[in-house]
2 protein chains.
Amino acid sequence: MKQYAKMNKTVYEYHKKGCDDMANINDVARKAGVSKSTVSNVFNGKKNVSDEIRQKVFHIADNLGYYPNKLASALTTKRTGLTGLFIDNNSRFRHMDYKLIEGVSRELRKTNKHMILYLQAGKDNDVNAMDINNKLIAEPIDEAIIIAPMVKDIRINELIDMRKPIVIIGQAPNHLLPRVKCLDVDNIQISYEVTKHLLELGHRKIALINSDSNMTISIDRMKGYIKALKEYHIEYNPEYTFNSDNTEEMGQQLGSRILNQLDMTAVITSSDEVASGLYKEAEQCGIAIPKDLSIFALGGTDKQLKPDLCTVYVDYEKLGKQAVTLLSDKEARTNQVIDAYELCIADSIKRII
Amino acid sequence: MKQYAKMNKTVYEYHKKGCDDMANINDVARKAGVSKSTVSNVFNGKKNVSDEIRQKVFHIADNLGYYPNKLASALTTKRTGLTGLFIDNNSRFRHMDYKLIEGVSRELRKTNKHMILYLQAGKDNDVNAMDINNKLIAEPIDEAIIIAPMVKDIRINELIDMRKPIVIIGQAPNHLLPRVKCLDVDNIQISYEVTKHLLELGHRKIALINSDSNMTISIDRMKGYIKALKEYHIEYNPEYTFNSDNTEEMGQQLGSRILNQLDMTAVITSSDEVASGLYKEAEQCGIAIPKDLSIFALGGTDKQLKPDLCTVYVDYEKLGKQAVTLLSDKEARTNQVIDAYELCIADSIKRII
DNA sequence: CTGTTAGCGCATTCAT
DNA sequence: ATGAATGCGCTAACAG
């Protein structure tokens, strides 16, 4: 059983304030017959302390159940050991989010840091959410990782105002770019490889359903797409490229517009959701996948489709880990690209002879 | 643009310490011509402050970009506004974990609290994990929610030593019971309802594959199972009940032992994993589901099986929310049961005539 | 190698 | 209703 230093307290006082009876640095110093700073030095291992005293202090501390109060030390060092992870799960918790959390958590653990998870829980997040109690500036975090939000997030500006290291995973809005580091997979390369894969299978008329046209990721995907076409001496035809809002509904809607109008043999979609919409519409139109149409999605959200959808697997755990590393990397470039993806070849595409 | 109070600092000093230039309570007090305590009172709204002064203070504070430092206030109030959420995802992040996190997060937000997520990341969690830097006692949390760990978790004892409110979601080890509150669905009732459902479909020989026999949850499930049988005047036969470690492998192994030996028409399993193992073994033995054998799982982990598995859906988000509420509930009983489940009837069972 | 002093930024008595 | 003084538990200069 532990012995507490201030046992002269009344029972009432004891219950009144939870851990008020916890031994503090003074108690240890007094019992060990040394000064506060020596105790501090022992626990922080910064200055050299004689072995004899170190042992003594540790022994007494252990006896008293003492351990340095993080709050108090944070007040002077300005470091809390806490990293904020901001996830904008407006709609719902996505697969990538879980993996990111794990990656971040694992990497933080290596340096004894912990994570405060800030979820922007959809509907609860009304106007009042910006009230006085939600100022991020007051949050006890040393640094922040933000999962690229789909919608403009006013809170990012607050974080930047705090002048703390920030890493955005995914594409950062351009206006933030000099102020934050950002980390992503190589979307040009991914799009290039997917397109090339279809070309190698014999496809020549390949449509691309992109996300919003002014998003960086869409531009990148377009670049990769065009690059691959060029290698096969196919001229880029705007009639085969579309934009959508990345939802299943939009995918289906677009499908009804193009499936019967165009003569493409393959479609690349920006996400599994859009692909799922296409699947549905294709079924209604009597178009068989992959017999009549091949489909390859660029982003994976684990949609279970039949036939199995070709998609791109991104190692989000790796991204999460890398984000943590990047936070402390003073030399790193603002924009960092990481190799963390893999094409998942499944049953939604076929070879054309 | 914000104005910072201590602009007389050199550029060097400015960059040296991140937010050192942040206005503090003294700056506000001075500029507003009031005392620190008045500013404090304004922001905490505890004591009455005249409207005139309140406005003035708010105005100045806004101008200076001032906001009370949570760290400093925590040091005196002993409250950080942080709740620890402990998840033992040794194997992997499970579906229930995501929902729990969301529930906890949503509920915390209502009272402006935040969450530190402590993941026990499997293999990284070696002996060193218990070193000096991992003492939970040093963590800046006011309270803790623990997702019932499968294995004995030494950290729980540490948490208890901290004398902070603790809620365990799921079944708590008995030896902790007086010290923590615990929250769960009614496992007796669930098992009862599932068994009864099968009985109503005409099944009479129903096997039960339980978890470890000394776990509370297993005992509860057994109770519900027997209760339902009794209502149908069927005597409990130990030969039809088994224990497993809840893995798919174990499910398959058990299956190979019993599928051809026993004449039951239905099996209730402790988890989707075990059910999955049974599926595999059944296929090998040429036993069709549900034609030859009906299967009902008691716990859902979103295993995608064909035919669709009958399972029990638990509303983990609700459990998470309730856990947060329970933390602050001084009157609540140690053991709390919550209504948050639903039987999911699918294709893995059939009516017997 | 060790001790002394002085804050960190705030909430909280207790005066006025 | 407002202010002055004190301390939360610790680290960081600086002295010795």
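Numbers restart at 1 for each chain; the letters A, B, ... are given by sequence-line order, proteins then strands.
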Rounded distance (Å) that lies between atom C1' of C:dC10 and atom CD1 of A:I137: 16 Å
Side chain of B:S40 (C-beta onward), nearest among C:dG9, C:dT12, C:dC8: C:dT12
A:S35 side-chain N/O to C:dG3 phosphate OP1/OP2 under 4.0 Å: yes
Rounded distance in Å - OH (B:Y66) to P (C:dC8): 14 Å
A:Y67 vs D:dC10: side-chain N/O to OP1/OP2 distance below 4.0 Å: no
N or O in side chain of A:T77 less than 4.0 angstrom from D:dA12 OP1/OP2: no
B:E143: which of B:R79, B:K164, B:K113 passes side-chain hydrogen bond (donor to acceptor under 3.5 Å, both in side chains): B:K113
Nucleotide nearest A:P68 when distance is taken to its side chain, options C:dT4, D:dC10, D:dA1: D:dC10
Length of the line joining A:E139:CD and C:dG9:P, which is rounded to integer Å: 18 Å
B:T38, nearest nucleotide to its side chain (from C:dC8, C:dG3, D:dG3): D:dG3
Presence of B:K78 side-chain N/O under 4.0 Å of D:dG9 phosphate oxygens OP1/OP2: yes
Within 6.0 Å of CZ in A:R179, more than 12 heavy atoms from elsewhere: no
Whole-Å gap separating P (C:dG9) and CG (B:L64): 13 Å
A:Q336: partners by side chain to side chain contact (heavy atoms under 4.5 Å, CB included), with sequence neighbours left out: A:L183, A:Q322, A:L326, A:A332
Aromatic plane relationship, A:Y66 with A:F43 - under 30° parallel, 30 to 60° tilted, over 60° perpendicular: perpendicular
Spacing of A:N26 atom CG relative to D:dT11 atom P, expressed in whole Å: 12 Å
B:I25 side chain, from C-beta outward: closest of C:dC8, D:dA13, C:dG9: C:dG9
Along DNA chain D (nearest heavy atom to each residue), the more 5'-positioned of A:A74 and B:A72: B:A72
Nucleotide C:dA6, atom C1' - distance to CG of A:L75 in whole Å: 13 Å
Sugar-phosphate, base or nothing in reach of B:S73, heavy atoms under 4.0 Å: sugar-phosphate
Rounded (10°) bend between the five-pair end axes of the helix from C:dC1-D:dG16 to C:dT16-D:dA1: 30°
B:V34 side-chain proximity, nearest of D:dC10, D:dG7, D:dG3: D:dG3
Pull out every protein N or O sitting under 3.5 Å from an N or O of nucleotides 14-16 of chain D, one pair per line with the distance.
{"residue": "D:dC14", "atom": "N4", "partner": "A:K47", "partner atom": "NZ", "Å": "2.8"}

Closest to side chain of B:N24, choosing from C:dG7, C:dG9, C:dT12: C:dG9
Atom pair distance, as rounded to whole Å: NZ in B:K36 and C1' in C:dG9: 7 Å
Gap between atoms CG and P, on A:N69 and D:dG7 respectively (whole Å): 18 Å
Check: B:E139/B:Y118 side-chain N/O donor and acceptor closer than 3.5 Å: yes
Per A:S50 side chain, nearest of listed nucleotides C:dT2, D:dT2, C:dA11: C:dT2
Side-chain N,O (A:N41) to OP1/OP2 (C:dT2) below 4.0 Å: no
